[in-house]
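Reading through the structure tokens given below for one structure.
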Amino acid sequence: MAIALRRLQSIGPDLTDAELLFHPKRFLIRGPSETGKSYIRDCLWYLLGGDKLPKSFPLADGYQELRLRFTSQEDEYEVRRGLIGGSAAVYRRSLGAVDEQAFESLEQDIGELLVELSGAGGKQILRSSSDRGPVTGDDVRHWSLLSQTAILSEDPTSGAGFGVPKRVASFNLFLSGTDDAAVQLRKSSAEVERIKGQLSSAEDALRRVQAGLQPDTNRDDVADALERVDEVLAAMTSQYDARATKLRELRKEIADNTDKLTVTSNERNHSGSMVGRFEMLEQKYSNDLERLGATNEGVAFFQELPNVDCPLCGTPTETQVDPNDLRPGAPNRYREAIAAEAEKIRNLRYGLLAALEREQRRFSELKQSVEGLTNGLSVLQNRESVIVNGARIEFSADPKSLAVRRSELSAQLAIFDEMERLAAEIERLKKSKVRPKIQVNRDGGTAGRTVADLSLVLLEAWGFADIENIALDAEQCDLLINDRPRLSYGAGRRALYLAALTIAMMEHALGQGYPHLGVVVIDSPLKAYADPNSEELKDIPLTTVTERFYQWLSEWTGLGQVVVLENEKIRSETASVLEPVEFTGLPGVGRAGFYPTRTLQLPLEANGDTAGDSVT
């Protein structure tokens, strides 16, 4: 993906903004020492996630915030960070938007953003032989922003200290596009100590488990005994299952008979109840017939009695009773009604006797059925008792004792299994605690050849025609020129060779679609070569190298963006094409430095090349 720098600003209240506008391909800031060129590189490092604050000097007093704009694909980003420290705030808007309010805040660390925009997101690199992690913003910055100190250093390009392995790994990621995710890690010391602790625990556990067995106990004997117990239990289980099947069938038959007995008993009881009711009704009918017969006889007797006056008072009978009762036909009608009622009862009694006879027969049949079902149920229950009691006699072994014995044997067998597991675990841990040396082959391959050839093209363009052969040492992340390591040369050549390698690496990575920031910032690549006090043998004239370097930069249209900070003067013809930013260091003469000149109350202190503009 890559980025391209657009603008660097420093702002402060009531102060004129300090600003640099970058060319999208090549950009030169030129000026003598003490004009603040290195300060630009320090600001870029700081804004792109570095921890080191840019040095403070009088003209920077009052400025509070640094801002850097850069683009990546269809977006423009702005990073803002305080000059006194703090984290960086990141904003984004669509490329081409003119409204400053279109910037939206991103909740993302600038280092993580650089890794993502460089195409290294998700890549894993070795930090040591026993540690691996994601690419960080420091890895990206290290191979893109070269300070004056780094370019002149006699130290390896990967630096020194604990960060060397990951910088070598990130260099080879940019070189080959392949990360270290597949590399087998070496165990760390802490992990080995942890494994030793696990090994000691496993050995202690094995001793505790072995203490639970008799010395003469053999696994095969335990297994055979357990097999015999299982056979006996299986036979008992099989016989119990067969007996249980018979019992289930028998008990089902008992249940069916019980249900039938219950139904038949209920029917018998109901039939007996009906017989009793019918007998009571028949008795009632008999009583009613007897009562009606007696009444009929009384009426007949009454008819035979003569009419007699009252023996006491002589009152005639007619005056003492209802005249209707003394009519001649009244007793006869009464006797007829009695006869009709008696006939009715006799008819009812006839039907009742027939029903009673049928119900008595039904009751007798149900009674016999109940007796038969009761006898059959008793027979089935006796058979059930015989089967249940037979199980106790058939087996001589006690199932409970067999179960206890089986548990004991199973526990012993489990001890043997646990011993085998612990022994295997102990063997595994013994092998695991070994820390074999990790070999990572970083030979560069064809990619290294490509970068070396690109470096040679650059160096020849800069005037170095004496290079007979060149190669890339991927392990050292550096060039071999004429069969000599780059660090074996003087400071002037070391610096220019490293500049060539850095630019070549960027072009190669971007051309192949490999991760890279897409920007190279090089501080003072020509300064050491131009040092008049250097004892280095300069078989190629300084003027030739300087002019050809600037000429190359003015014409460069390769992949990525190159920013150079340099002291050496440039020819006017080349400057008209390159259009460098010139820091004069003199108030009132051109652009003195990054910060505008202004009158200060404080005296200007002496500073190195990181000093600000001159003051009035």
Side-chain angles (χ1 to χ4, degrees), residues 1-24 27 29 36-118 120-121 136-142 144-145 147 517-521 523 561 563 565 581 591 593-596 598 610 612-613:
M1 296 174 65
I3 71 170
L5 305 180
R6 295 193 68 178
R7 185 177 74 184
L8 174 66
Q9 276 185 313
S10 182
I11 62 175
D14 302 325
L15 294 174
T16 302
D17 291 350
E19 182 177 82
L20 280 177
L21 299 178
F22 294 91
H23 186 279
F27 185 65
I29 301 176
K37 299 185 304 301
S38 294
Y39 181 80
I40 302 301
R41 183 266 174 195
D42 293 344
C43 289
L44 293 175
W45 181 275
Y46 179 64
L47 284 165
L48 293 176
D51 295 329
K52 185 178 179 182
L53 289 169
K55 291 183 179 179
S56 178
F57 51 90
L59 279 179
D61 289 347
Y63 286 88
Q64 297 179 348
E65 185 179 67
L66 288 172
R67 295 184 178 183
L68 175 65
R69 284 194 186 180
F70 59 86
T71 60
S72 180
Q73 293 188 325
E74 301 301 321
D75 294 317
E76 182 178 25
Y77 297 85
E78 182 169 276
V79 183
R80 303 172 186 175
R81 196 169 185 185
L83 272 166
I84 61 173
S87 60
V90 185
Y91 300 85
R92 180 179 62 189
R93 70 177 179 181
S94 296
L95 189 61
V98 295
D99 184 6
E100 292 293 326
Q101 301 301 320
F103 276 108
E104 297 179 353
S105 177
L106 288 182
E107 297 299 327
Q108 188 174 16
D109 178 74
I110 181 60
E112 295 176 355
L113 178 63
L114 289 184
V115 172
E116 178 184 324
L117 295 181
S118 68
T136 64
D138 176 64
D139 302 317
V140 176
R141 290 189 303 270
H142 180 82
S144 296
L145 308 179
S147 66
L517 186 61
V519 176
V520 167
V521 179
D523 188 2
Q561 184 183 33
V563 177
L565 316 171
V581 173
R591 179 167 183 172
F594 179 56
Y595 287 99
R598 55 193 169 106
T610 56
D613 301 307

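These numbers come from a predicted model, not from an experiment.
- Considering only heavy atoms from C-beta on, H23 stays 4.5 Å or farther from V581 through its side chain.
- Between the side chain of D17 and the backbone N or O of E19 there is no donor-acceptor pair closer than 3.5 Å.
- Residues that satisfy the side-chain hydrogen bond (donor to acceptor under 3.5 Å, both in side chains) test with S10, not counting sequence neighbours, are Y595.
- A donor-acceptor pair shorter than 3.5 Å can be found between the side chains of S38 and D523.
- Closest approach of V79 to I110, counting heavy atoms only: CG2-CD1, 3.6 Å.
- In this structure, CZ on R141 lies 7.0 Å from CG on L48, to the nearest 0.5 angstrom.
- Minimum interatomic distance between Y77 and S72 (heavy atoms only, all atoms of both residues): CE1-CB, 4.0 Å.
- Side-chain atoms of W45 and V521, non-hydrogen and from C-beta on, never get closer than 4.5 Å to each other.
- In this structure, Y39 has its ring center closer than 6.0 angstrom to the ring center of F57.
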Quiz: residues 85-96 side-chain donor-acceptor pairs under 3.5 angstrom, not counting sequence neighbours:
unit_1	atom_1	unit_2	atom_2	d
R93	NE	E76	OE1	2.9
R93	NH1	A97	O	3.3
R93	NH1	D99	O	3.0
R93	NH2	E76	OE1	3.0
R93	NH2	A97	O	3.2

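- The shortest distance between side-chain heavy atoms of R598 and P596 does not fall below 4.5 Å.
- Taking all atoms of both residues into account, the shortest heavy-atom contact from G12 to Y63 is N-CD2, 3.8 Å.
- Side-chain contact between D75 and Q73 is absent, with no heavy atoms from C-beta onward closer than 4.5 Å.
- The nearest pair of heavy atoms linking R41 to L145 is NH2-O, 3.1 Å.
- The NE2 atom of H142 sits 13.5 Å away from the CG atom of L517 when rounded to the nearest 0.5 Å.
- Annotation for L83 and L53: closest pair O-CD2, 3.7 Å, computed over non-hydrogen atoms.
- Side-chain contact between V520 and V563 is absent, with no heavy atoms from C-beta onward closer than 4.5 Å.
- Contact between S144 and V519 at its shortest, heavy atoms only, is CB-O, 3.2 Å.
- Considering only residues two or more places apart in sequence or on other chains, R69 meets the side-chain hydrogen bond (donor to acceptor under 3.5 Å, both in side chains) condition with E78, E100.
- Under the 4.5 Å side-chain criterion, counting only non-hydrogen atoms from C-beta, L117 is in contact with L113.
- Here the side chains of L8 and F594 are in contact, with some heavy-atom distance below 4.5 Å.
- For the pair R7 and F22, the cation-pi test (distance below 6.0 Å, angle within 45°) is failed.
- The distance from the NZ atom of K52 to the OG atom of S147 is 7.5 Å, given to the nearest 0.5 Å.
- T136 and D139 share a side-chain donor-acceptor pair at under 3.5 Å.
- Rounded to the nearest 0.5 angstrom, L20 CG and R6 CZ are separated by 14.5 Å.
- Donor-acceptor pairing under 3.5 Å is recorded for the side chains of Q108 and E116.
- Counting only heavy atoms from C-beta outward, the side chains of T71 and I3 never approach each other to under 4.5 Å.
- The structure places CZ of R67 at 4.0 Å from CZ of R80, a figure rounded to the nearest 0.5 Å.
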